[in-house]
Amino acid sequence: MVYALPNVSGGGYSVIENLYKDIDEHKDAFPEIHWHFIVGRPGLEDTECITVHNEEDSRRSYFSRVIFNAKGLKRYIEKYDIRAIISINMLVGGVNIPSIISFHNVLPFYHCGFNVFDRGIDIVKQMLINRMIIESISNANYVVIPSKWIEDVMINRYGIRKEKIRISPIGTPEMCSFDDRKDDEIEYQGEMIFVYPASGFPYKNHMVIAKAVERLKADNVSGFKVLFTGEVGNGKTMRKLKKIVQMEELPIEFYGMASRETLASFYRKGVLIFPSKIETDGFPLLESMACGGKIIAADMPYAREALSGYEHCEFFCPDDAQTLAEYMKNMISQKSLNLNRVGRIANVKPRSEVIVSLIREIVEQK
């Protein structure tokens, strides 16, 4: 069983979608296994090897979630003779079957102050969640992670046993199959496009891009536009940022949600800027790399690992707006970004294969 009830948007849901597609594409490698996905929103359909159970009513309130976890989940386990449960980031309480955590939230590794969240209530909430996640990692049978640097932290800081950790990097082969879209919304004639797909939390570090754009404007550099895609929200940091953009008349657009097809076109035709200070693997980095995109990334462990050996990238200190502005200026002056670049996808095992091997180990241990 894949327990995905809490993950209905953002990166968490992308993980679920990727695992769902991965399992369905590689079903012939494990014909003896049938999968049950417990989800909290429509979108996924039954397949030959997957049964999807939509329990969005159980998300209506915290009390509903508690009732489902206490009773509804156990009914599924008994009815379908579930042998193991895979969950995102945290164990499911009260379940007496082997558990595998697919780990994608590195916030427990950081001090979650106002440099991470805008509101005090979010800081307190995340502190509680962080504690639960660390306890879950310690108690799970296995933990599947996307990056080597995460394994090092788990072992050295939290004493997690190496033998219970499996590294399974994320791949994005579907990005290579998207054709460049031709509609007007992504055709900015004569302008260099810089794109940053991210939520609006302070640690995503949108502000350093605004500061770099301010420097470019002061130097009379024109012919470019920055697009902030995704649901950035209206928190304290975003309100301040939007006010700066408006008052300074900066060429920054709050684009909103963008499909993967649209993002693939941005990656091919423009430049991905990724200044985030806290990431698991920096999924947009992998997407842009798969498209052969130009990338300017924060010089952080997650980015160095994700982009290792990739030619079309530059790194900068995430607080260094001057260096970021210089990289942007150089790319704007090039006029052409050589759109015939070849993308690169990490040569990794399907995540389903990694999880299936753990399930088989669990069965053999009984």
Side-chain angles (χ1 to χ4, degrees), residues 9-11 112-123 181 183-259 262-263 265-267 269-279 282 284 288 293-298 314 316-335 337:
S9 63
C112 291
F114 284 100
N115 62 326
V116 175
F117 294 103
D118 284 321
R119 303 185 306 167
I121 189 171
D122 291 329
I123 296 173
R181 297 179 60 189
D183 51 289
D184 293 338
E185 69 173 344
I186 58 174
E187 292 293 338
Y188 292 92
Q189 297 295 335
E191 292 179 319
M192 177 69 69
I193 299 301
F194 297 91
V195 61
Y196 182 29
S199 60
F201 294 119
Y203 67 86
K204 291 295 186 178
N205 202 21
H206 291 77
M207 197 63 72
V208 74
I209 299 178
K211 291 178 180 178
V213 172
E214 283 182 311
R215 291 173 184 267
L216 291 174
K217 184 178 179 181
D219 291 339
N220 296 314
V221 177
S222 59
F224 72 97
K225 181 184 287 287
V226 175
L227 304 179
F228 290 151
T229 70
E231 292 289 350
V232 298
N234 198 36
K236 181 179 178 181
T237 299
M238 279 297 119
R239 291 197 303 271
K240 179 180 179 181
L241 179 60
K242 291 175 181 178
K243 185 176 181 180
I244 291 173
V245 169
Q246 183 178 18
M247 291 181 61
E248 300 294 331
E249 297 183 344
L250 301 180
I252 294 176
E253 177 182 329
F254 294 88
Y255 185 90
M257 296 301 296
S259 67
T262 299
L263 284 174
S265 185
F266 287 148
Y267 295 148
K269 297 177 180 179
V271 179
L272 169 66
I273 303 178
F274 205 80
S276 179
K277 296 182 178 181
I278 301 176
E279 293 291 327
S288 180
K294 285 276 191 179
I295 300 171
I296 307 175
E314 304 285 356
F316 73 103
C317 171
D319 293 318
D320 187 354
Q322 180 61 45
T323 298
L324 174 57
E326 290 171 2
Y327 283 141
M328 294 173 70
K329 183 177 181 179
N330 289 339
M331 292 182 179
I332 294 166
S333 66
Q334 292 174 18
K335 303 297 184 183
L337 286 177

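These values consider heavy atoms only, across backbone and side chains, with no hydrogens, waters or symmetry-generated copies.
The side-chain hydrogen bond (donor to acceptor under 3.5 Å, both in side chains) contacts involving residues 240-251 comprise nothing, where partners must be two or more places apart or lie in separate chains. Legend: salt bridge (charged side-chain N to carboxylate O under 4.0 Å, His left out) pairs involving residues 203-216, not counting sequence neighbours, sorted by first then second residue: Lys204-Glu279.
Taking Ser199 as the reference, nothing meets the side-chain hydrogen bond (donor to acceptor under 3.5 Å, both in side chains) condition, with sequence neighbours excluded. In this structure, Asp320 has no salt bridge (Lys or Arg N to Asp or Glu O under 4.0 Å) partners at least two apart in sequence or on a different chain. Legend: residues meeting ring pair (Phe, Tyr, Trp, His ring centres under 6.0 Å) with Phe117, ordered by chain and number and at least two apart, are Phe201. For Arg119, the side-chain hydrogen bond (donor to acceptor under 3.5 Å, both in side chains) partners are Asp122, not counting sequence neighbours.
The heavy-atom pair separating Ala210 from Leu241 by the smallest distance is CB-CD1, 3.4 Å.
Within the 4.5 Å cutoff, side-chain heavy atoms of Val195 are placed close to those of Tyr267.
Centroid-to-centroid, the aromatic rings of Tyr255 and Phe266 come within less than 6.0 Å. Ring centroids of Phe316 and Tyr327 are separated by 6.0 Å or more, keeping the two rings apart.
In this structure, His206 and Tyr196 have tilted ring planes: the angle between them lies in the 30° to 60° band.
Taking CG of Asp118 as the start and CZ of Arg239 as the end, the distance is 7.5 Å to the nearest 0.5 Å.
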